[in-house]
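These notes are about the structure you will find just below.
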Amino acid sequence: MKYWLVKSEPEIFSINDLEKSKNKTTCWDGVRNYQARNYMRDEMKIGDPVLFYHSNCEVPAVVGVCEVVKEGYPDFTAFDPKDVHYDPKSKKEEPTWVMADIKLVKKFSKPVTLNEIKSKRSLCKIPLVQMGNRLSVMPVGKEEYEEIISMSLL
DNA sequence: GCCAACGTTGGC
DNA sequence: GCCAACGTTGGC
């Protein structure tokens with residue numbers, strides 16, 4: 001089992017939007033980065049825990065936990081010319097882009113802010129705080145995952 | 001295959 | 001809104 005962190009801009013899709021979604025589940029579409037795609041295609045498995053992170057907003061923070069409920073499958077938004085994520089290079093017979101479905105497990109009563117994460121020595125190695133990391137899907141170590149969970153309970 | 005220009009992300 | 005850090009593109 002692997003642990004993950006996904007980023008979303010709350011202005012576009014927040015954890016509250018996820019909570020309101022059918023079955024509290026959403027497809028993680030629109031990822032147009034090869035490394036992030038490879039993670040979803042090759043390594044994300046059903047049942048993997050996923051931290052949900054709000055980026056590019058007033059208080060960047062991990063705001064809840066999800067789990068993977070559907071493993072990598074073609075991102076159909078790439079086939080739709082009207083979709084903002086349309087990619088003419090992705091063919092139905094040979095999709096370039098892949099997504100997974102995630103379901104909300106728990107919204108943190110207390111979000112774990114980027115500041116708090118940065119202030120922990122034990123968390124200084126997670127990809128999120130390493131400079132210039134702009135991946136929207138990234139792996140997190142088990143210990144780091146558990147540390148963030150425990151920080152949300154304080 | 002190099003590399004400059006450009007676009008995007010995201011913290012601040 | 002600024003800017004640093006990347007990823008991508010395209011000329012050569």
Side-chain angles (χ1 to χ4, degrees), chain A residues 2-21 26-44 48-68 72-102 104-141 143-152 154:
Chain A
K2 287 185 186 290
Y3 299 81
W4 304 96
L5 181 145
V6 296
K7 291 196 282 199
S8 185
E9 303 191 22
E11 298 285 312
I12 296 169
F13 190 83
S14 74
I15 193 156
N16 293 323
D17 295 325
L18 176 59
E19 195 173 32
K20 281 180 283 187
S21 302
T26 189
C27 47
W28 207 249
D29 64 354
V31 172
R32 295 292 177 270
N33 171 286
Y34 287 102
Q35 203 178 342
R37 177 209 61 187
N38 292 346
Y39 285 138
M40 288 200 289
R41 186 188 59 190
D42 305 332
E43 298 190 54
M44 245 187 197
D48 282 359
V50 180
L51 296 169
F52 194 103
Y53 175 81
H54 279 172
S55 71
N56 212 0
C57 57
E58 209 160 317
V59 186
V62 177
V63 290
V65 198
C66 306
E67 70 173 355
V68 178
Y73 64 105
D75 181 343
F76 52 79
T77 63
F79 307 137
D80 180 359
K82 292 190 294 293
D83 196 280
V84 281
H85 299 299
Y86 176 58
D87 180 0
K89 292 196 292 292
S90 181
K91 304 281 189 312
K92 276 186 185 162
E93 315 80 62
E94 207 183 337
T96 310
W97 303 111
V98 164
M99 61 187 175
D101 286 1
I102 61 169
L104 183 64
V105 173
K106 182 184 175 190
K107 203 166 99 179
F108 289 166
S109 47
K110 178 182 120 34
V112 179
T113 67
L114 182 60
N115 261 335
E116 293 175 276
I117 292 172
K118 279 182 174 168
S119 71
K120 292 264 181 181
R121 285 202 81 174
S122 55
L123 293 176
C124 68
K125 288 203 304 293
I126 70 168
L128 179 66
V129 297
Q130 300 212 326
M131 190 154 50
N133 201 315
R134 308 185 319 181
L135 278 181
S136 52
V137 177
M138 60 181 93
V140 180
E143 292 77 14
E144 291 141 353
Y145 171 83
E146 282 164 2
E147 174 89 36
I148 289 173
I149 296 291
S150 73
M151 287 163 73
S152 77
L154 296 178

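Sequence lines set the chain letters: A, B, ... in the order given, protein chains first and strands last, and positions in each chain run from 1.
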Checklist entry - Going through the distances and angles, do A:Y73 and A:M99 end up as a side chain to side chain contact (heavy atoms under 4.5 Å, CB included)? => result CA-CA 6 Å; A:Y73 64 105; A:M99 61 187 175; 3.5 Å; yes
Item to check | chain A contact limits on DNA chain B, taken 5' to 3' with a cut-off of 4.0 angstrom to heavy atoms | outcome: B:dG7 to B:dC12
Next on the checklist: Need to verify one output field. Residue with the more 5' nearest nucleotide on DNA chain C, A:Q130 or A:K89?
Outcome noted: A:Q130
Checklist entry - What about A:W97 and A:Y34, are their ring centers closer than 6.0 Å? => result yes
Checklist entry - Do other residues, nucleotides or ligands put more than 12 heavy atoms under 6.0 Å from A:K125 NZ? => result no
Item to check | Member of A:R32, A:R37, A:K92 meeting the salt bridge (charged side-chain N to carboxylate O under 4.0 Å, His left out) criterion with A:D75 | outcome: A:R32
Next on the checklist: Are there over 12 heavy-atom neighbours, none belonging to A:Q130, within less than 6.0 Å of that residue's CD?
Outcome noted: yes
